Amino acid sequence: MKKLLLTLTVAAVFQNVSAQEITLDKIYSGYYRGKGIAGISSMKNGENYLVIEPSGIAKYSYKTSQKEGNLVDGRFESYIFSDDESKILLQTGSQPIYRHSFLGKFDVKDLKSGKVISLNEGKPVQEPTFSPDATKVAFIADNNLFYQDLSSGKITQITTDGKKNSILNGLADWVYEEEFGHARQYEWTKNSDAIVFVKSDESQVPEIYIPIYGKNLYPAEMRYKYPKAGEKNSVVSAQLYRLDNGKTMQLNLGSFKNYYIPNVFQTAKPDEIVLITSERIQNASDILKVNTKTGAVQKLFTETDDKWIDTDSPTLEFLEDDSFLWASERDGNRHLYWYDKDGKLKKQITKGNWEVTDYYGFNPKSKEIYVQTTEKGSINKVISKVNIDNGKTQLISNAEGNNSANFSKNYNYFIETSSTASKPYTYVLKDGNGKAVKELQNNNDQLQKLKADNFVEKEFITIPNAVGDQMNAWIMKPKNFDPNKKYPLFMFQYSGPGSQQVANSWDNGNAMWFNHLVQKGYIVACVDGRGTGYKGAKYKKVTYMNLGKYEIEDQITAAKWFGNQSYIDKSRIGMFGWSFGGYMTSLAMTKGADVFKVGIAVAPVTNWRYYDSVYTERFMRTPQENPDGYDKNSPTEYANLLKGKFLLIHGTADDNVHFQNSMEFSEALIQNKKQFDFMAYPDKNHGIYGGQTRPQLYQKMTDFILNNL
């Protein structure tokens, strides 16, 4: 269950709205919409970068920041360069499937000759990738793996057994895609003579079916394989295909952890691939090196944890000598470690009471790695360069806020994207030492419009929980805040493992709706309790085997703390959350019924037995192993405790958190004679959007709050 970004999409026409107020009409008209720079990518020379513009793929100079023309003219959704930049893969259209997967149409343009050919004869494909020598493109169609020779146009089919809801070749199944974070499950070798891919047999995985109503006389059905906690998963195997003989062999992983194969990585050597594998209990991962000439498999090392390993977000980067960098939480915080090519630990590179949150690259000339970290506080993300030999660190971004970077290939420049809770996104071209060269774009117009309508900034505070942790929190108060007056409190949270909602970054989504509520006389607040991220492994992993227990205890504690403040009316406290946040809101309205008067739960999990295997078992193990952990933290077990006004919302076609969750909770409430409000969104998925859906949804939630809190 990935964090759901609740972006308020444009879906209404802005008409006759009064000034000095942030309204839903203005939000949905796009009146406050910010600007960004799409598709930033450095060219190999390190002197130019590309961005996607309406007229094409535009080429800019780092040195002058001036546009030098279009590399390719036309409208494109995305692009991929070949390693030598002789060719470019252009995405001309797409149709989404799940969170990451989509069917796309692609053209390949030879930048020297100007020749353009359509990939797969113009038919949609998934996950196309250039071979490193730029002579071929591999892709997936109908669950089978292919490659196309770019000189002759010849298409070679590598696998033939691909079948919907049965066999997938080089492509993640639903749960792999959702919980390991990517759809592609194959990789070329560095010398382009072999492909290693994961074959998934999901034929024995239980199938979920979802009615699709539309305007059909009889509802249609959406059917796909969905392994719930404790149920059968896909049987996966690693396959080696060699182009020279056209043969495929299955790699022998019998001596290693092989229940899951989440990742396939290319190394710096021509005849190697690395696999990351794990058992069903995700507390250990094997890092395996594959010799793609012989098929021999060697274990480099095993990463272990007494609770779980974040198998969805590994950092593995191979340097020129085939030594590699690896991220681990083994010292209590996520840091980088340096291994030699045989898997022997050379040294720990970063260390401290902070975490590495992203890795950008390694400059072999200066021996420096470039990382994003929380070294300036857990609510901030900053960029530093670290010498891997002596550990010397230099901050090269702003010292506060949320900062990310796109580096030039030679690391002489980077484009910094930065924001704070009070300043929208700014794009600044900087040199390799962090000195600003030129501001490329800001969102001052967006900020001025919001300020003109009395935009309220977040104030960051900390709140103690029952065991003495200081929980990060933010609070939004009305412009005319009177400390002698008592205000109703509306709390928002997500609370899922490793997540963060209390961050010093700009929020283009719910922050505007929260401002709308603040202007109606509410105080809005958010608290990141135990289980959330960026405060170390202990804080994050204390929820192991009891997902929901400590998280809701901390939200109740926070609500009581707020209720004891002189300016909060403790009899008028409400909560809102989506997905995991909806689960928490459902617990708040039952376990915390004496504290919370109003709750809005959108697309909630209401029993972890109904959620997918990879995510749920990572934190809970299986229901067979841990039945109490599942049942004692389910809001359906506490339906008899509901007292306040409760609004339950779900899309009927939610492929992630199934509508079944809200149906079961509804039945439990009904059988306990509890009155509540329910809103179903026909044929809408986990995001609940499309057409006028979001405006209607947020108006409904607003009215519910105004009428009941």
Side-chain angles (χ1 to χ4, degrees), residues 1-2 4 95-103 126 142-143 162-168 171-181 183 185 200-214 216 218-236 259-260 280 312 547 578-580 582-583 586 601-620 622-624 630 634 636 648-668 678 680-690:
M1 180 188 289
K2 301 297 179 184
L4 185 68
Q95 178 184 344
I97 301 174
Y98 301 122
R99 188 186 295 268
H100 300 284
S101 58
F102 63 92
L103 284 168
Q126 291 181 256
D142 298 322
N143 286 3
K163 185 179 180 182
K164 181 177 173 62
N165 290 343
S166 180
I167 303 293
L168 301 94
L171 185 68
D173 64 10
W174 187 96
V175 73
Y176 264 63
E177 176 183 331
E178 176 68 20
E179 305 305 353
F180 294 134
Q185 288 279 85
S200 300
D201 181 350
E202 60 176 359
S203 58
Q204 298 304 307
V205 177
E207 194 171 60
I208 189 79
Y209 66 92
I210 296 174
I212 303 298
Y213 301 101
N216 302 313
Y218 294 92
E221 276 188 353
M222 173 184 176
R223 286 182 174 267
Y224 64 102
K225 300 289 186 167
Y226 186 106
K228 298 195 176 189
E231 297 298 312
K232 289 183 179 180
N233 286 280
S234 290
V235 177
V236 295
Y259 189 84
Y260 292 126
R280 185 163 190 160
D312 59 327
L547 210 57
W578 198 306
S579 195
F580 197 107
Y583 163 62
S586 301
V602 183
V605 171
T606 60
N607 190 318
W608 288 111
R609 293 175 182 271
Y610 294 149
Y611 200 60
D612 78 57
S613 56
V614 174
Y615 180 93
T616 310
E617 294 170 15
R618 184 183 300 156
F619 314 118
M620 296 277 280
T622 65
Q624 294 86 344
Y630 281 77
S634 168
T636 59
L648 183 58
I649 296 171
H650 219 125
T652 67
D654 192 331
D655 65 290
N656 187 342
V657 180
H658 300 142
F659 193 64
Q660 175 186 16
N661 284 271
S662 286
M663 290 294 93
E664 187 198 63
F665 192 28
S666 293
E667 176 64 8
F678 186 86
Y681 283 89
D683 299 338
K684 297 300 183 288
N685 65 16
H686 198 53
I688 311 181
Y689 60 88

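Keep in mind that what you see is a predicted model, and the values were worked out from it rather than measured. Along the sequence shown, residues carry numbers from 1.
Side-chain atoms of Q185 and Y176 form no donor-acceptor pair, as typed in the model, at a separation below 3.5 Å. Judged purely by distance below 3.5 Å, without hydrogens or angles, the side chains of Y259 and R280 pair a donor atom with an acceptor atom. Side-chain contact of S200 with D173: a donor-acceptor pair under 3.5 Å is absent, judged by distance alone.
Judged by distance alone, with hydrogens and angles left aside, the side-chain atoms of K232 form no donor-acceptor pair with the main-chain N or O of Q204 at under 3.5 Å. Looking at D654, its side chain never comes within 3.5 Å of a backbone N or O of F659 through a donor-acceptor pair. Using modelled atom types, no side-chain atom of D683 and backbone atom of I212 make a donor-acceptor pair closer than 3.5 Å. Although no hydrogens or angles enter the test, the distance criterion places no donor-acceptor pair under 3.5 Å between the side chain of H686 and the main chain of R99. When atom types are taken as modelled, the side chain of S234 and the backbone of V236 share no donor-acceptor pair closer than 3.5 angstrom. Checked by atom type and distance alone, the side chain of S203 never pairs as donor or acceptor with a backbone atom of S166 at under 3.5 Å.
Between W174 and Y615, the ring centre distance reaches or exceeds 6.0 Å.
Contact between P96 and F102 at its shortest, heavy atoms only, is CA-CB, 3.9 Å.
Of the options W608, W578, Y610, a ring pair (Phe, Tyr, Trp, His ring centres under 6.0 Å) to Y583 is made by W608 and by none of the others.
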- Message: Checking Y226 against D655 for the side chain to side chain contact (heavy atoms under 4.5 Å, CB included) test, could you report, in this order, the C-alpha distance in whole Å, the side-chain angles of both residues, the deciding distance, and whether it holds?
- Response: CA-CA 9 Å; Y226 186 106; D655 65 290; over 6 Å; no
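Taking the side chain as every heavy atom from C-beta outward, S579 and V657 approach each other to under 4.5 Å.
With sequence neighbours excluded, the residues satisfying side chain to side chain donor-acceptor pair (under 3.5 Å) with T622 are Q624, E625. A search for side chain to side chain donor-acceptor pair (under 3.5 Å) contacts involving E231 returns nothing, not counting sequence neighbours.
Residue D612 holds its CG atom at 12.0 Å from CD1 of I208, rounded to the nearest 0.5 Å. To the nearest 0.5 Å, atom CD1 of residue I97 and atom CG of residue L103 are 4.0 Å apart.
Legend: salt bridge (charged side-chain N to carboxylate O under 4.0 Å, His left out) pairs involving residues 205-214, not counting sequence neighbours, sorted by first then second residue: E207-R223.
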